[in-house]
2 protein chains.
Amino acid sequence: MPKASKREQLLDAAKELLWEVGYEAMSPRDIQTRSAARPGSLYHHFPSKLALAGEAMSELAEKDIARIQGVFSGDAPAMETVGRYLLAKRDATRGCRFGRLVNEASIEHDELRGPVKAFFEAIRTHLAGTLARAQAEGTLPTELDAEKLAVTLLALVQGGAVLARTYKDESLARQAMEGALSLLAEASRGA
Amino acid sequence: MPKASKREQLLDAAKELLWEVGYEAMSPRDIQTRSAARPGSLYHHFPSKLALAGEAMSELAEKDIARIQGVFSGDAPAMETVGRYLLAKRDATRGCRFGRLVNEASIEHDELRGPVKAFFEAIRTHLAGTLARAQAEGTLPTELDAEKLAVTLLALVQGGAVLARTYKDESLARQAMEGALSLLAEASRGA
DNA sequence: GTCTATAGGGGGATAGAC
DNA sequence: GTCTATCCCCCTATAGAC
């Protein structure tokens, strides 16, 4: 494995800081300190802080989308997979590393919005497909709209992160998920 | 009605800016410009930007909590009230004015966290009470945990705001709510 | 109670040597 | 490709006149 270039070190530092403090609060100086790089290096490799952050977010999204692919693959019953996704371990008291950025002013820039949307889209698609499969398996009433329900569950996970961060308490997110799962279980009795 | 004092003008400006850009991105200069006040006035009436924002948030929460009280009062069937709350008109593409602050570093300070928690608590309590009433009315299965379900719906509204802001599209929030309502309707058939 | 003036520090970025 | 040195602007806050 080749020695990490300054470029990679800068990207790694940006990824860490984006998760820890977000975009606006991450200054080029912070990035430089953490990557042991100097202003010249940052602006040699990237035209701006935004460009660096955009590339960092893009790589983070790509990696997380691949990870989530794993959660939704396999041949477990569809509703079991949905449950596994909703109850997956998350560092929820820190929020969602993608959802966190949504309220920053700079989400206006596609460099940041793009990766966030890509992340959400991947989850929504997986959920919609899995819920449709549940309907085929007879564990979810076919009167329900799988696409809409996928948006509901995606929103739920994001909202759970908001509550967990607000209360500094993971259990708020867990309660939100469990409430939804009990509702899904109840509805499935009519399938 | 007495002429607005600089103090009130400063609070009003802070309220507007907290909604438009959030806390960190709202500079004392912005507040001063919008309220036609000068640095001296701001720091005469408030010890810091944080104290001003805290008081502004506190007043905003108080007002919104009173408004929401209205949504949950009246003698409509409980599940109808829940639907009314979930589908209430929101400026969702801008996010939730309370949930928005949760990801800022300064949420660490109780001046900001307090009002946000108070807002969430008020909604959670109203939802839990209304869902319990639905169970008494026979429109929600008693096996479900009304308290947990209240957290679920609170999270859902927050998540809907995150999605709507991400996609600059209110319909994402609406889909999330409709999905949840269809699930509640389905579950209620077993009540 | 409101004003003018200003301070100290950090923000994002650039120039140019090596 | 990485470094040192530096720029200009805005951030939050303070001092003290009116």
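Nothing here was measured: the structure is a model prediction, and the numbers come from that model. No hydrogens, no waters, no symmetry mates; every other heavy atom, side chains included, goes into these values. Just so we're on the same page: letters track the sequence lines, and every chain starts at 1.
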_A:R7, A:H45, A:K15 screened by side-chain hydrogen bond (donor to acceptor under 3.5 Å, both in side chains) with A:E55, the one that passes_ = A:R7

_Assuming nearest nucleotide by heavy-atom distance, tell me which of A:D30 and A:P47 is located more 5' along DNA chain C._
A:D30

*When you match A:E24 and A:G40 each to their closest nucleotide on DNA chain C, which lands nearer the 5' end?*
A:E24

_Lys/Arg-Asp/Glu bridge criterion (N-O < 4.0 Å) met for A:K168, B:E108_ = yes

*Using a strict cut-off of less than 4.0 Å between a Lys/Arg side-chain nitrogen and an Asp/Glu carboxylate oxygen, indicate whether B:E170 and B:R174 qualify as a salt bridge.*
no

*First and last nucleotide of DNA chain D touching chain A, 5' to 3', heavy-atom cut-off 4.0 Å?*
D:dG1 to D:dA5

_Side-chain N or O of A:Y43 closer than 4.0 Å to phosphate OP1/OP2 of C:dA13_ = yes

_pair A:R94-A:W19: side-chain heavy atoms closer than 4.5 Å_ = yes

*asked:* Are the side chains of A:E147 and A:R124 in contact, using a 4.5 Å heavy-atom criterion?
replied: yes

*Between A:R90 and A:Y85, is NZ or CZ placed under 6.0 angstrom from the six-membered ring centre and within 45° of the ring axis?*
yes

Starting at [atom1] of [X] and ending at [atom2] of [N], how long is that distance when rounded to a whole Å?
X     : N      : atom1 : atom2 : result
A:H45 : C:dT14 : NE2   : P     : 16 Å
B:R29 : C:dA7  : CZ    : C1'   : 12 Å
A:L42 : C:dG11 : CG    : P     : 13 Å
A:Q32 : C:dT14 : CD    : P     : 13 Å

